[in-house]
> 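Supplied in structure tokens, the structure appears directly below.
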Amino acid sequence: MNALGAGLAMLTALGAGFGMCLATAKAVEAVARQPEASGKINSILLLGCALAESTAIYAFVVALVLAVK
Amino acid sequence: MTQIILLCISAVSLCFGFIGLAFAKSSKTANGDDKKAKKRKRLSIALTLFGGWLLIGTLVSMFSAKKAGLKIEFALFSDRISIFGFSIAKTVVISFCITGTVLILGTVFRLFVFPKFSPDDPKGFQNVIEIAVEAMENFAKNSLLDYSGQLAPYMFTLAVYMIFSAFTELFGLRAPTSDLTSTFAMGLITFFLINYYGIKKKGVAGRIKGMAKPTPLVFPMKILSDVAVPVSLACRLFGNMLGGMIVMDLLKSVLGGYAVGIPPVAGLYFNLFHPAIQTYIFIILSMTFINEAIE
Amino acid sequence: MDFSIPELAVDILLNLLNIGILFVIVKLLVYKPVKKFLSDRNQKIKNEIEEARKLQDSANETLSKKNELIEEGRAKGEAAASEMYKKAQEKSDAIIKKAKSDAEKIIAKANAEADTRKQEIIKSSRNEIADLSIEIAEKILEREVSKEDNRRIADEFFNEV
């Protein structure tokens, strides 16, 4: 039952992945439109990805807590 | 039985690879079909590598008790050992070892390497450390404004700590950053710094006023998000590091005796690149939060 | 999962302590020396740029001075050349004048000589002609004619001529 809960918790990765894909798509568009601002866009993208990823990381931690008895 | 078959396969592929390599070497002078020769050479190199890997892996799995299989054993918190009657986590000991290593390295650098630095044309190691320090200075200057002089060394220390703890994973130890206590300590320091500099810049009243900025209604939420900062920082770093470690452990346990040559290549990402990115993110996030507090 | 909260708290405290020690070590042994090194170099580069600027300024000054000197020299040279030219002109004028006057003198002298020669020749030819005419007249007239008479007649004739 614990393993099932951990697996369900990892479904959060879906949302994190989707959010990161949106952010990356927008960043690619921005770089294509303004290649000279790529440095700034890159750092912002990295920050945003880290923030979007954090939900998946929380889920991962929760899954670990559930899975490790 | 299967092992003998695998040995035969590996021997055959090794033989073919060596023959191909020798052929490529001998026919180097007569460069007839350039593309074809290149293709043959690449194929023979791949065959040699595959044969060598299979041979060594089979031999190792024949003579060692390690069996390939999906079984990972890890604990959320690290194992504990007792020193002088105190029970201390292993990662804490490792992080103290990191401090000792940094102390020794720093003393050696300070005494023997820095005086040799040429003031005019930096090269080699000097370049690396100069670029690191300069990049940190620039980072700090952009987001920490007046306090960059005080906070840049701390951020540099964090980077050193995280990168060294990523290196400990290469020695087969559990990295301190993949233990929640260590990352939570770093998060707590960041939380303390945010409040300290926020209050230093604006005063206690100003800080509380800044929290209730659009409407007083958001005050509890702001408090909550402020409290969540160290937790989120700690959990992010911990999760990422532990994830990398688990993936590497999985890879090693799945390969069993064949864990030759493949884990190091994967480790380039999971043990070097990934921690570096996480270090960058941790530092950038800390700076952003502090910047938010002092602006 | 077996853990106790006090142990974890001790771990966190130890980690905090560790990071503090590491901070002091890194700051004192690595960060500060390198930063000082960098700032020294920055200062040095700044100084060098300043020095180079100064040097350039002085070089520009000397260059302009040199240019001025050259201009001056050229002007002087031009003046001297024009003076020399003038002098030479004067000299040549004088020489030409002298030569002209000399030539005139020579011409005058020659003219005078020629005149006297002419006069002489005329005189001598007149005498000869007079003698010849007298002889001719003697021969034609076959009579003696006094020389004085004849001479008078011849002189009159020549004077008419």
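All chains are named by letter (A, B, ...) in the order of the sequence lines, taking the proteins before the strands, and each is independently numbered beginning at 1.
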> Which atoms of B:L105 come close to chain C, meaning under 4.5 Å heavy atom to heavy atom: side chain ones, backbone ones, both, or neither?
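Nothing of B:L105, per the 4.5 Å heavy-atom cut-off to chain C.
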> Using a cut-off of under 4.5 Å on heavy-atom pairs, state which of C:V24, C:D40, C:I19 scores highest against chain B.
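Heavy-atom pair counts peak at C:I19.
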> Would you call C:V34 and B:F109 a side-chain contact if the rule is heavy atoms closer than 4.5 Å?
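C:V34 vs B:F109: side chains apart.
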> Which one, B:E134, B:E137, B:M186, leads in non-hydrogen pairs under 4.5 Å with chain C?
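It is B:E137.
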> Quick check: are there more than 12 heavy atoms from other residues, nucleotides or ligands sitting under 6.0 Å from OH of B:Y280?
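It does: B:Y280 OH has more than 12 such atoms within range.
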> Atom CD of residue position C:Q89 - does it have more than 12 heavy atoms of other residues, nucleotides or ligands inside 6.0 Å?
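Atom CD in C:Q89 is crowded, with more than 12 foreign heavy atoms closer than 6.0 Å.
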> At their closest point, which heavy atom of B:G106 faces which heavy atom of C:L29, and how far apart are they?
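Closest pair (atom of B:G106, atom of C:L29, distance): C-CD1, 3.8 Å.
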> Could you walk me through whether B:F184 and C:D11 pass the side chain to side chain contact (heavy atoms under 4.5 Å, CB included) check?
CA-CA 10 Å; B:F184 198 68; C:D11 279 357; over 6 Å; no
> Where does C:V10 contact chain B at under 4.5 Å (heavy atoms): side chain, backbone, both or neither?
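Neither part.
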> Side chain, backbone, both or neither: which part of B:T91 has a heavy atom under 4.5 Å from chain C?
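Neither part, no heavy atoms under 4.5 Å.
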> Applying side chain to side chain contact (heavy atoms under 4.5 Å, CB included), run through B:T157 and C:K27 and close with a yes or a no.
CA-CA 8 Å; B:T157 309; C:K27 192 180 176 183; 5.6 Å; no
> Looking only at non-hydrogen atoms, find the nearest pair between B:T99 and C:L22 and report the distance.
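Heavy atoms of B:T99 and C:L22 come nearest at CA-CD1, 3.7 Å.
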> At a heavy-atom separation under 4.5 Å, does C:I12 approach chain B through its side chain, its backbone, both, or neither?
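Contact with chain B is through both the backbone and side chain of C:I12.
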> Counting heavy atoms not belonging to B:K202, are there more than 12 under 6.0 Å from its NZ?
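Above 12, so yes.
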> Measuring from B:I98:CD1 to C:I21:CD1, what's the distance to the nearest 0.5 Å?
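Separation between the atoms: 13.0 Å.
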> Answer yes or no: are there more than 12 heavy-atom neighbours, outside B:K200 itself, under 6.0 Å from its atom NZ?
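Result for NZ/B:K200: enclosed.
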> Would you mind checking which part of C:I25 comes under 4.5 Å of any heavy atom in chain B, side chain (CB onward), backbone (N, CA, C, O), both or neither?
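For C:I25, the side chain is the part near chain B, not the backbone.
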> Kindly compute the distance separating CZ (B:R110) from NZ (C:K32), expressed to the nearest 0.5 Å.
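The distance works out to 11.0 Å.
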> Please lay out, stage by stage, how B:F156 and C:V30 fare under the test side chain to side chain contact (heavy atoms under 4.5 Å, CB included).
CA-CA 10 Å; B:F156 191 75; C:V30 179; 4.2 Å; yes
> Using every non-hydrogen atom in the two residues, find where C:L16 and B:A185 come nearest and quote the distance to one decimal.
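C:L16 and B:A185 have their closest heavy atoms at CD2-O, 3.4 Å.
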> Check each atom of B:A152 against the heavy atoms of chain C and say whether the ones under 4.5 Å are side chain, backbone, both or neither.
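The answer is both parts of B:A152.
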> Test side chain to side chain contact (heavy atoms under 4.5 Å, CB included) on C:N18 and B:V92 and set out the steps.
CA-CA 8 Å; C:N18 176 46; B:V92 175; over 6 Å; no
